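Written out below as structure tokens is the structure these notes cover.
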Amino acid sequence: MTALLDRSGNLDGYLYMGRDITQLKELEAQTKRHQQTLEATSKIARLGGWELDIIKNEIFWSNEVYRIHELPLHEKVVIEDAINFYAPEARPIITNAINLAIEKGTPWDLQLPFITAKNNHIWVRAMGFAEHVNGQAIRLKGTFQDITAIKEVEHRATESSKAKSQFLANMSHEIRTPINGIIGMNELLQLTPLTPQQAGFTQAIQQSSEALLNLINDILDFSKIEAGKLIINPQYCELAQILDELHTELQPLLTKKSLTLHILPVPITHLTTDPLRLRQILMNLCVNAIKFTKTGKITLSFLQSQTNRLNITVTDTGSGIPDEHVAILFQEFTQLDATSTRSVGGTGLGLTISKQLVTLLGGEIGFNPEYRSGAEFWFTIDTLLDTAVASTQIARKKHTLLVVGDPSYLAQLTAHISIDRYHIQLVENAHTCMKFLHEQLLNKDFKAVFIAQDISGISGVELVKAIRAQDMFDGLYLFLLDAQLSESDLSNLHHTGLNGYFSDFAQQNMLTHILIKMQNPRITPSSMPFYTQQSHQSADIQVLLVEDNEINQAVAIHMLENLSIGVDIANNGIEALSLLARQNSRYHAILMDCQMPKLDGYETTRLIRTDSAYHSHRFTPIIALTAHAMEGDEEKCLTAGMNSYLTKPINSGRLKAELEKWI
């Protein structure tokens, strides 16, 4: 309102101007509500915003940012001091992030430890970016959140997962240890004179023990899958070997029911997958087929697609599966016949575990409801699961094999292997060999040296020792050729660091098998089995058993004695090292338990491999004989320096096969 005056200055009237600001007031109220909501949300989320004007060197913090810092609201902030609220180890990280944002425009999103003004240690999530004008950073903006509560939940979840994993590992170990005693002692009892009735009793014990072990394995596998602890270990492997092992394991079940297993021709010979888990899937499906088949056969067939997929089908001539049960086939703890009168037992976990394993192997699994001559299950796997060691890459990569001796050995070797995959170099004597290795090792991709025993200068065995004495050659595989050695010499070959012995190359399958194993990045010269065409006499073999459980000691001792193998006992790692330190104590192999008092198997193995006091046993094969059967336990054993890994419960067949592999 404005007064209107005439020329004389007298009041003439008033001018009134009005404006409807209802909408403006509503907008102001809405803005206020939004600000209040944002403020409340910021408090709940512990999230604030900030802005830094780089040109004016002025900083703005929202109220929540002040609260997170535990500073009075709107207190003046010194920019140079703001970085010091981060924990010392976090300051270089946030500084580098800011510099990258200014120089290259890279945004950041970091979770970092933080110390408030009141010296409280918290975790914050810092996010930010830089605004650029004409290529110059003029402003930094971002958000800042207190995530201490989230980190505490993560920590509790991690600890809970660790506790669950530890419980599973302990349960597995504690269950397997007494089962080893039951199964082992029962096997030994079956080797003694028994009446027919007693023999029947021991057979019942064996069947019940094996059923209990299968039940435990299923539950533990399911628990590992649920805990996310089941890990796949892809490796370059032979499909035929997996199928041979499967057939051997299934044979007793097939014989019992007078069934046959037909394995149709396979379209590929090698693949990159987890062979243990592939065999487990095949075993689950085949055992199920055998359970529900009274007469006829089980058939395995294979089909390879153009997308690196292998389709495997398992069919049987059994009773088939009713349509109403198809929907629950892969559900855990469900069985086709859940009544108390059912004739086929089991946990109902086999198909569930198989489905999870197939997924981990990069495939799918299913049931064919159209198949009416029994039951048909199928699954696919990725044949190049780990491209880092894929067969196609291995085929493209050429490795150098060095032959030490006359040209006749070169001709023998080239007759049995693919020259497209290997460079083969010939040298004639030990001196030339050592000179060549020193000059060319770093320039060529060497894999193996084949050394004739009869060469000029020093013998082949002495050349092996000379090569193994230099750490730079630890990655080489060493094989001896055409050696006319005594039994005593042969019994000590593996102590030299040799990987194998050939009288000639007539055993083409063995040579191919060795060369395939050499391509596997998880196998090293020290972890490869010793290959020989001439076996030791059992009576000449002496092993060291490192085991603290008296019952398991008795089981192993009797099994070894039945194999005519001599055995010494150490109750723990300290006793084992004491025996090995004696100059007259030489063993062909060491059977090592992992969990023992005073000094466990892992540390004992590390000392044997690295301590000069046990240098003469540096290459002695060490076989883990342990109740630790969780995922990662085998890798832990191999990392410690062991050559191989046997899980309890053991039987004499598995023990004999493992010892034959290494001795």
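Here the structure is a predicted model, which is why all the values come from computation and not from measurement.
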Checklist entry - Should Arg654 and Glu658 count as an ion pair when the cut-off is N to O under 4.0 Å? => result no
Checklist entry - Hey, mind stepping through Glu187 and Gln206 against side-chain hydrogen bond (donor to acceptor under 3.5 Å, both in side chains) and telling me if it holds? => result CA-CA 8 Å; Glu187 180 184 331; Gln206 178 182 338; over 6 Å; no
Checklist entry - For Ala554, does its backbone N or O pair with a side-chain atom of His558 as donor and acceptor, under 3.5 Å? => result yes
Item to check | Shortest non-hydrogen contact between Ser301 and Leu264, atoms and distance | outcome: CB-CD1, 3.6 Å
Checklist outcome for this item: Between Ile365 and Ser354 the two heavy atoms that sit nearest each other are CD1-CB, 4.2 Å
Item to check | CD (Gln304) with more than 12 external heavy atoms under 6.0 Å | outcome: yes
Checklist entry - What are the two closest non-hydrogen atoms of Pro265 and Phe302, and how far apart are they? => result O-CD1, 4.1 Å
Item to check | Validation row: Ile242, Leu278 side chains within 4.5 angstrom (heavy atoms) | outcome: yes
Checklist entry - With a distance cut-off below 6.0 Å to the six-membered ring centre and an angular limit of 45° from the axis, does Lys636 pair with Tyr602 as a cation-pi contact? => result yes
Item to check | Nearest-0.5 Å distance that lies between atom CG in Leu194 and atom CG in Leu189 | outcome: 5.0 Å
Item to check | Ion pair check, Asp146 and Arg125, cut-off under 4.0 Å | outcome: no
Checklist entry - Under 4.5 Å between any side-chain heavy atoms of Ile381 and Leu385, yes or no? => result no
Checklist entry - So do the side chains of Asn549 and Asn180 get within less than 4.5 Å of each other, counting heavy atoms only? => result no
Next on the checklist: Distance alone, cut at 3.5 Å: any donor-acceptor contact between the side chains of Gln251 and Thr255?
Outcome noted: yes
Item to check | side chain to side chain donor-acceptor pair (under 3.5 Å) partners for Thr317, two or more places apart | outcome: none
Next on the checklist: Please evaluate residues Ile122 and Val124 with respect to the criterion side chain to side chain contact (heavy atoms under 4.5 Å, CB included), reporting the C-alpha separation (whole Å), side-chain torsions for both, the decisive distance (0.1 Å), and the verdict.
Outcome noted: CA-CA 7 Å; Ile122 65 174; Val124 297; 3.9 Å; yes
Checklist entry - Got a donor-acceptor contact below 3.5 angstrom from the Lys257 side chain to the Lys291 backbone? => result yes
Next on the checklist: Check whether Asn643 reaches the backbone of Ile622 with its side chain - one donor and one acceptor, N or O, closer than 3.5 Å.
Outcome noted: yes
Checklist entry - What do you reckon, is CD1 of Ile551 surrounded by more than 12 foreign heavy atoms closer than 6.0 Å? => result no
Item to check | Residue pair Asn311 / Thr380, side-chain donor-acceptor N/O under 3.5 Å | outcome: no
Checklist entry - Does Asn186 use its side chain to pair, donor to acceptor, with the backbone of Ile182 at less than 3.5 Å? => result no
Checklist entry - Above 12 or not: heavy atoms from other molecules or residues under 6.0 Å from NE2 of His155? => result no
Checklist outcome for this item: The complete set of salt bridge (charged side-chain N to carboxylate O under 4.0 Å, His left out) pairs with one or both residues in residues 297-313, sequence neighbours excluded, reads none
Item to check | Residues, nucleotides or ligands: over 12 heavy atoms within 6.0 Å of Glu635 CD | outcome: no
Item to check | Full working for side chain to side chain contact (heavy atoms under 4.5 Å, CB included) between Glu376 and Thr313 | outcome: CA-CA 7 Å; Glu376 179 179 282; Thr313 304; 3.4 Å; yes
Checklist entry - How long is the span from the CG atom in Asp382 to the CG atom in Leu310, to the nearest 0.5 Å? => result 10.0 Å
Next on the checklist: Do Leu351 and Lys355 have side chains that approach each other closer than 4.5 Å (heavy atoms only, starting at C-beta)?
Outcome noted: no
Checklist entry - Which atom names give the shortest non-hydrogen contact between Asn572 and Pro597, and what distance separates them? => result CB-O, 3.3 Å
Item to check | side chain to side chain contact (heavy atoms under 4.5 Å, CB included) assessment of Gln235 paired with Thr273 | outcome: CA-CA 5 Å; Gln235 54 187 271; Thr273 188; over 6 Å; no
Item to check | Distance in Å, Leu591 CG paired with Asn552 CG, rounded so as to fall on 0.5 Å steps | outcome: 12.5 Å
Checklist entry - Quick one: does Glu547's side chain get under 4.5 Å of Met596's, heavy atoms only? => result no
Checklist entry - Name the one of Asp274, Leu357, Leu246 that satisfies side-chain contact (heavy atoms from CB on, under 4.5 Å) with Gln280? => result Leu357
Item to check | Close side-chain approach of Ile590 to Leu545, heavy-atom, < 4.5 Å | outcome: no
Item to check | For Phe377, ring-ring contact (aromatic ring centres under 6.0 Å, His included) partners two or more places apart | outcome: Phe367
Item to check | Minimal non-hydrogen separation, Cys286 against Val314, with atom names | outcome: SG-CG1, 4.3 Å
Next on the checklist: Side chains of Leu282 and Leu300, heavy atoms from C-beta outward: is any pair under 4.5 Å?
Outcome noted: yes
Next on the checklist: I'd like to know if Asp323 and Arg372 make a salt bridge, using a cut-off of under 4.0 Å between side-chain N and carboxylate O.
Outcome noted: yes
Checklist entry - Got a donor-acceptor contact below 3.5 angstrom from the Thr293 side chain to the Asp316 backbone? => result no
Item to check | Over 12 foreign heavy atoms within 6.0 Å of NZ, Lys656 | outcome: no
Checklist entry - Do the side chains of Val546 and Asp593 get nearer than 4.5 Å, heavy atoms only? => result no
Checklist outcome for this item: All heavy atoms of Glu603 vs all of Leu599, minimum pair found to be CG-CD1, 3.6 Å
Checklist entry - Taking 4.0 angstrom as the limit, do Arg156 and Glu159 come out as a salt bridge? => result no
Item to check | Test side chain to side chain contact (heavy atoms under 4.5 Å, CB included) applied to Met592 and Ile608, step by step | outcome: CA-CA 12 Å; Met592 183 74 71; Ile608 293 171; 4.2 Å; yes
Checklist entry - Measuring from Arg277:CZ to Ile353:CD1, what's the distance to the nearest 0.5 Å? => result 9.0 Å
Checklist entry - How many angstroms lie between CG in Leu659 and OG in Ser644, if you round to the nearest 0.5 Å? => result 9.5 Å
Checklist entry - Can you tell me how far the OG1 atom of Thr248 sits from the CG atom of Leu243, to the nearest 0.5 Å? => result 10.5 Å
